[in-house]
**Q** 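Pasting in a structure now, in structure tokens, and then I'll have a few things to ask.
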Amino acid sequence: IFKGKAIDDTTIEEFEEMLLASDMGIKATTEIVEGLRGKYESGSIKTVEHVKAFLRQSIVDILGLPQPFVLYQERPFVVLCVGVNGVGKTTTIGKIASKAVSEGHSVILAAADTFRAAAIEQLDIWASRSHAQIVKHQHGSDPAAVAFDAIEAAKARSLDLVIVDTAGRLHTKSPLMEELKKIKRVINKSIPGAPHETLLVVDATNGQNALHQAKIFNEAVGITGIALTKMDGTAKGGIVLSIKKELNIPIRLIGVGEGIEDCRDFIPEEFTSALFD
Amino acid sequence: SLSEKLESVFRKLKGKGVLVKDDIDAAMKEIRFALLEADVNFKVVKGFIDKVKEKSLGKGVLESLTPGQQVIKIVNDELCVLLGSENEKIRLSPNPPTVIMMIGLHGSGKTTTSAKLARHFKAQGRRPMLAAADLQRPAAIDQLITLGKQIDVPVFFSKEDKIPAVVCKNALNEAKKQARDIIILDTAGRLHIAEDLMKELKAVKDAVTPDEILFVADAMTGQDAVNIAKTFNEKIGIDGIILTKMDGDARGGAALSIREVTGRPIKFIGTGEKIDMLEPFHPERAASRILG
Ligand SMILES: Nc1nc2c(ncn2[C@@H]2O[C@H](COP(=O)(O)OP(=O)(O)OP(=O)(O)O)[C@@H](O)[C@H]2O)c(=O)[nH]1
Ligand SMILES: Nc1nc2c(ncn2[C@@H]2O[C@H](COP(=O)(O)OP(=O)(O)OP(=O)(O)O)[C@@H](O)[C@H]2O)c(=O)[nH]1
Ligand SMILES: [Mg+2]
Ligand SMILES: [Mg+2]
């Protein structure tokens, strides 16, 4: 796709394919491309540069302003981390904890994935790497009890931040979604108003199902923020446009690797530029 | 559903009289929409639509009383052909142990599926062994050891070795010593674009010459399925595919994308978190799921 070149129908098609390839979805892509086609046919868009500028603006408009985490308005501030299997919840918690500790905050983790093999051991390693405290119970114990105990410990020790790790669960499994609602209720019992942030972790490699995940998790427990992981791959995470547009949930951060530092605030301009790479 | 949309498209078109070739484009548009919604890669969709359009331009459709049904049948049949046949088993080596290497992106389900496969073979009366060759992820070795205990399958591991190829070579020697007839190597999740990690995986392959390299892919994978599968196939080589998390509600278009770009068979699907949730792949079921 060349720079100052005049455009034709093929150019429009190529840009449509670029948007589709980003996992933006046919519906969202069609809306943007119809807007583009309208401008092209009316003559207000003549070059490839015009097209790019139009697309960038359309996307940035949908994504809105950066909405990074605002932590610590309550003490302890409680973050509940949820999402489907294997998306990067546990690793993301390690990254958030590490950043919080390096900024001078005290952090405690709740190993509330009491189901998956070695989930507690995995989070324990992230706790020591990030210098966070951790509450863990026996494998197979009640996840809500782990969350509760971690928050009680945070209150008793005047800690700044509690992050609750939960087991991966498909949104289609109602008993597991009920368990998540219970974890939330129990957290709220320990501190009315908590969890202060319910973070849905979404894998950038997933396709349209990520929108459905967001809808169902939002209906179940209310999602206040999204972490988009594995953006260091070749997937573009375009599904966040639909998530933002349809659910208006802020995208807090992106994961860009397996390391403890591989976490960045979600910046709409940067995300949009990356779509065009 | 796509069937209903196609029937409505053709009802409108037939209202104007006899169907002509251009009318088929309206039907193709609906099919394209359905496949893209289902996460089939846009290039794969293009090729698929071309095939379906060609088949739809015959008398069978244009002169049919139920052209919508005819087109749906063409789409379904074409999907099933592309998705491959059932019962593509894992071929066991005439010189045991059969070496199976599990590869794929982060979090796709390799470790869990390694254990599921071990259980599957054990239930068949075989003597599998697992090898913990993920030396990167925190508690990955513990995860496989825990799963191995659940099914009473030995797990070879080393908490000192730093090189996966070395661990796998030692695992293979141990499997031979213990007369295990299958060894399943669980490797670390990695990006297809991480040159050093792909080299590391190639080193494992060269060290133990696997009989079967299985690409473990998440059924929820979107458009990137083509890039990922193509690169893994080019850099390492894939013998078979396992599609995990099929117990969700993702349409699973990645199955078609991965099949199209690698030509390799989908041998199993993961249908749950528990260790017995591994099933054979059924193309017709996958096809109707993709079509929604
Ligand atoms: N490349 C890359 N890998 C990531 C990223 N985030 C997580 N991972 C990897 O993804 C895999 C799964 O991460 P986990 O943190 O275990 O995911 P999870 O959501 O807690 O998984 P479950 O608890 O099993 O549902 C691990 O191999 C992580 O190292 C990321 O941003 N980039
Ligand atoms: N619902 C469901 N969950 C699955 C399935 N297969 C694996 N999982 C879950 O997906 C998550 C990731 O599985 P792992 O086996 O750790 O994935 P992995 O590919 O080994 O991950 P890395 O080693 O980090 O690359 C875990 O929570 C598993 O329980 C499946 O078929 N269905
Ligand atoms: Mg986890
Ligand atoms: Mg693993």
Side-chain angles (χ1 to χ4, degrees), chain A residues 16-27 29-30 84-91 94 115-126 128-129 139 167-173 176 203-210 212-213 216 229-230 232-239 255 257-258, chain B residues 32-43 45-46 105-109 111-112 115 136-150 188-194 217-228 231 244-245 247-254 272-273 275:
Chain A
E16 186 204 27
E17 291 183 341
M18 184 201 91
L19 297 181
L20 283 175
S22 77
D23 282 316
M24 210 170 275
I26 180 69
K27 188 159 161 279
T29 300
T30 303
V84 302
N85 307 72
V87 293
K89 298 177 290 302
T90 306
T91 307
F115 169 76
R116 206 208 67 211
I120 297 170
E121 290 86 328
Q122 184 187 6
L123 189 70
D124 207 0
I125 292 171
W126 284 110
S128 33
R129 284 181 181 181
H139 184 262
R169 69 200 67 222
L170 293 181
H171 48 292
T172 47
K173 308 211 160 155
L176 298 182
D203 186 332
T205 324
N206 277 185
Q208 299 308 298
N209 197 249
H212 200 56
Q213 292 166 28
I216 304 295
T229 61
K230 308 181 196 172
D232 45 320
T234 47
K236 302 284 186 177
I239 195 66
E258 297 186 81
Chain B
R32 177 177 183 261
F33 195 97
L35 294 176
L36 288 171
E37 259 195 334
D39 288 326
V40 180
N41 178 273
F42 75 94
K43 290 198 198 108
V45 172
K46 244 185 179 169
L105 289 184
H106 306 91
S108 63
T111 305
T112 309
Q136 141 76 13
R137 169 173 152 154
I141 296 175
D142 294 330
Q143 185 183 5
L144 196 66
I145 289 172
T146 302
L147 292 171
K149 284 204 185 100
Q150 285 178 20
R190 71 202 62 228
L191 293 178
H192 49 300
I193 52 170
D218 192 325
M220 303 181 260
T221 309
Q223 295 289 309
D224 212 31
V226 161
N227 288 336
I228 301 163
T231 309
T244 63
K245 307 177 204 172
D247 46 318
D249 57 4
R251 297 265 290 274
E273 290 168 286
I275 211 158

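Numbered from 1 within each chain, the chains take letters A, B, ... in sequence-line order. Only a predicted model underlies this, so the values are computations on that prediction, with no experimental measurement involved.
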**Q** Can you tell me which of A:Glu121, A:Arg169, A:Gln122 forms the most heavy-atom pairs within a distance under 4.5 Å of chain B?
**A** A:Gln122
**Q** Between B:Asn41 and chain A, which part of the residue has a heavy atom less than 4.5 Å away: side chain, backbone, both or neither?
**A** neither
**Q** Between B:Gln150, B:Glu37, B:His106, which shows the greatest number of heavy-atom pairs under 4.5 Å with chain A?
**A** B:His106
**Q** Could you tell me which residues satisfy salt bridge (charged side-chain N to carboxylate O under 4.0 Å, His left out) with B:Lys245, sequence neighbours excluded, listed by chain and number?
**A** B:Asp218
**Q** Name the option with the most non-hydrogen atom pairs under 4.5 Å to chain A; the candidates are B:Thr146, B:Leu36, B:Asp247.
**A** B:Asp247
**Q** Please flag which part of B:Asp142 lies under 4.5 Å from any non-hydrogen atom of chain A: side chain, backbone, both or neither.
**A** both
**Q** Measure distances from B:Leu144 to the heavy atoms of chain A and classify the residue's part below 4.5 Å as side chain, backbone, both or neither.
**A** neither
**Q** Counting only non-hydrogen atoms closer than 4.5 Å, does B:Asn227 touch chain A with its backbone (N, CA, C, O), its side chain (CB onward), both, or neither?
**A** side chain
**Q** Who among B:Leu191, B:Thr112, B:Val226 has the most heavy-atom pairs with chain A under 4.5 Å?
**A** B:Leu191
**Q** Please state whether the side chain, the backbone, both or neither of B:Ile228 comes within less than 4.5 Å of a heavy atom of chain A.
**A** side chain
**Q** Mind running side-chain hydrogen bond (donor to acceptor under 3.5 Å, both in side chains) on B:Asp224 and A:Thr205 for me, showing each step along the way?
**A** CA-CA 7 Å; B:Asp224 212 31; A:Thr205 324; 5.7 Å; no
**Q** Which answer fits A:Lys173, side chain, backbone, both or neither, if we ask what part of it has an atom under 4.5 Å from a heavy atom of chain B?
**A** side chain
**Q** Where on A:Leu19 is there a heavy atom nearer than 4.5 Å to chain B: the side chain, the backbone, both, or neither?
**A** neither
**Q** What part of B:Lys43 gets closer than 4.5 Å to chain A, counting heavy atoms only: side chain, backbone, both or neither?
**A** neither
**Q** Is B:Phe42 close to chain A through its backbone or its side chain, or both, or neither, when contacts mean heavy atoms under 4.5 Å?
**A** side chain
**Q** Check whether B:Arg251 gets within reach of chain A through its side chain, its backbone, both or neither, counting any heavy atom under 4.5 Å.
**A** neither
**Q** Would A:Leu170 and B:Met220 count as a side-chain contact (heavy atoms from CB on, under 4.5 Å) if you check the C-alpha gap in whole Å, the side-chain angles of each, and the deciding distance to 0.1 Å?
**A** CA-CA 11 Å; A:Leu170 293 181; B:Met220 303 181 260; 4.1 Å; yes
**Q** According to salt bridge (charged side-chain N to carboxylate O under 4.0 Å, His left out), who are the partners of A:Arg116, at least two apart in sequence or on a separate chain?
**A** none
